[in-house]
Asker: 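Can you read through this structure? Questions will come right after.
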There are 2 protein chains.
Amino acid sequence: MHSNIIDVAKKAGVSIATVSRVLNDSEKVKSETREKILAVIDELKYVPNPAARGLIMRRTEAIGLLLPDLHGEFFSEIIRGADEAVQAQSYHLIVSSSHNDSKEIEAALRFMRGRVDAIIVMSPQVDSEILLANLPKSVPVVLLNCRTSNPHFDTIMTDGYGGAREMTNYLLDLGHTRIAVLTGGENNIESQERLRGFRSALRERDITPNRSLEFAGNFTEVSGYETVREVLLLKDRPTAIFAFNDSMAIGAIKAIREEGLKIPSDISVCGFDDIPVAKFLSPSLTSVCVPIHDLGVMAVNRVFDRIKKRTKGASAHMFVSTTLSIRNSCKKINTMSNLEKEGNAA
Amino acid sequence: MHSNIIDVAKKAGVSIATVSRVLNDSEKVKSETREKILAVIDELKYVPNPAARGLIMRRTEAIGLLLPDLHGEFFSEIIRGADEAVQAQSYHLIVSSSHNDSKEIEAALRFMRGRVDAIIVMSPQVDSEILLANLPKSVPVVLLNCRTSNPHFDTIMTDGYGGAREMTNYLLDLGHTRIAVLTGGENNIESQERLRGFRSALRERDITPNRSLEFAGNFTEVSGYETVREVLLLKDRPTAIFAFNDSMAIGAIKAIREEGLKIPSDISVCGFDDIPVAKFLSPSLTSVCVPIHDLGVMAVNRVFDRIKKRTKGASAHMFVSTTLSIRNSCKKINTMSNLEKEGNAA
DNA sequence: CTTTGTAATGTAAAGGTTTACATTAAAAAT
DNA sequence: ATTTTTAATGTAAACCTTTACATTACAAAG
């Protein structure tokens, strides 16, 4: 069907070695010979067979990207960043979603073996054992927001703890003390980190975290919506809702509005991640800014450092800090208790 | 590094052919032999080399997905649908973004050659010539929302014309006659189709489309925002804004709110695509519902029909119709001219 | 004119599979 | 006991490259 290197060699009247040489411009080839071969390649529309090449070179020019889910803007931003970085090196991306299912992780990882030069795994949900058992030893691996501190792989973690702390402090500074949080599931490392940061900030201000204000969502808009409907039923309603990602915050806002309440005057809402759409919401959403796109870029660049042997030796653990994107969905309150506290503190 | 089929054969005391047979359970192998080999495979953690397999089988178990962009929820939904369908067949997805650049399209397509068993291309921007010149003849291709009516390839088109017509009629029924549209760029086939539908609906009601109410955006939130800021400066302000995708509608809403206007009481806004977040906005966004996720699924299934030879012969051209998702961002108005018209019509 | 050195090109092995065909072993038929 | 049939397994070619090593041709040096 397709012409191969032999066809080219025959038509150009040279050996396949010479054709291969001009293909990879590895060694000197007389320029007239080169021209001739190039002309034939063009004429025959010859493209080297990547399987054959991959077989002998042990190089695929592809990077595997394994994500837990493909839902929402967060993951699309990761892909966008990774694709950008990968294209800059003339590499390509093999994307797969694991849906947090260990069988699917296994299948995806097996598929990638031999098909990619490196793997980027984002798997906040699955515990390390399953993951580690299936991670190939033969290619570089970068773990993105996984249950970390694994000595064998490079890891990148966003500072969920610090980000949540900072946001919580911000809310406390605004006078909120009854803050409900919407978490992302018990086994999710990112959710855990954020919860840890939240609680820690409260304790630092001598507020005992109230478990009954910690609601379990699953990082989707729907879960934010439904959970907040419950929250609003509480007799002692919180003055602020801290959703552990923006999708849940968006769902929360809808639920609050449906109840006829105003944001931020009746209740403050903030999110986490700062997905691109956050600043366009009304009110624009206050959120913890995670450089999502850059996370994809970083992971890819790290992986290239390994591939190109620019980085050797022990694995590195990078920590990506967050910033606060303060917008219009949170407001200062002056409750009685708040005034009292200020009085006490002053 | 990795063990290969020869290692397995040696350790199991059989020939590589037998190992291959149990791997592909192609022919009968004595069950004790099979057990033995399976055990060795397990012990050696042997995984067949996909490059070698792909080389001889001419099959890669991967589908290429070429998108114009990876921005926003629209494309992430396409990827999600495609990945889902592909995983159902134990296939995998190679994703690439072309950024509407013909050089990048060329590069991506060249890369995919030999690496994928089929290609799905979404390229509403680039004209068919460049695309066709680079599309491989050797694997099935599905064109998704491309400048269509190409006899050589299967195509899937969403009914942008019909969707825009329907939405326009809806707006007209609500009494809007001064409707501004936010288009998605001149060379974009989807934008063109939607514009055609919009104009056609107007003409059917004897309204001459007013070019000065057609504003060029580029399908991003920012472009919606900035364009609508201009729109609001108009002395005879439109009563409705029809954004040709939801991202621009989101930007539009922000611009309108910043001007202190209320949606939908002061001005109606609607979008196109009905991305998942649309129903969670406030007010929830009226939009033309495109089954985005299903588009990805359909494209993949079509491609599998070709791969598995379930479908032969002439290429098919599928047309995906849209529906209206009527929510709360558009409102009936009763202007003077509107009342007059109703009087005339009755 | 012969030898040496060098630039250009060619030869063949290797990479890891699948599979058509060949072989062997054992059971069934004669 | 010999032949035929069948089931199980083995052999080797093919898939398409890259590259170490071999060869050739020719110019420079002796």
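Naming: A, B, ... by sequence-line order, numbering from 1 per chain.
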Asker: Using a 4.0 Å cut-off on protein heavy atoms (strictly under), produce a 5'-to-3' string for nucleotides 8-17 of chain D with B for base contact, S for backbone-only sugar-phosphate contact, and - for none.
Answerer: SBBB--BBBB
Asker: Under 3.5 Å, is there a donor-acceptor pair between the side chain of Gln87(A) and the main chain of Ala108(B)?
Answerer: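 No.
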Asker: Taking Glu61(B) first and then Arg53(B), would you say they form a salt bridge - that is, a charged N and a carboxylate O separated by under 4.0 Å?
Answerer: no
Asker: Between His2(A) and Ser138(B), is there a side-chain donor-acceptor contact under 3.5 Å, judged purely by atom types and distance?
Answerer: yes
Asker: Between the side chain of Asp69(B) and the main-chain N/O of Asn100(B), is any donor-acceptor distance below 3.5 Å?
Answerer: no
Asker: With under 30° as parallel and over 60° as perpendicular, where do the rings of Tyr91(B) and Phe304(B) fit, or are they tilted in between?
Answerer: perpendicular
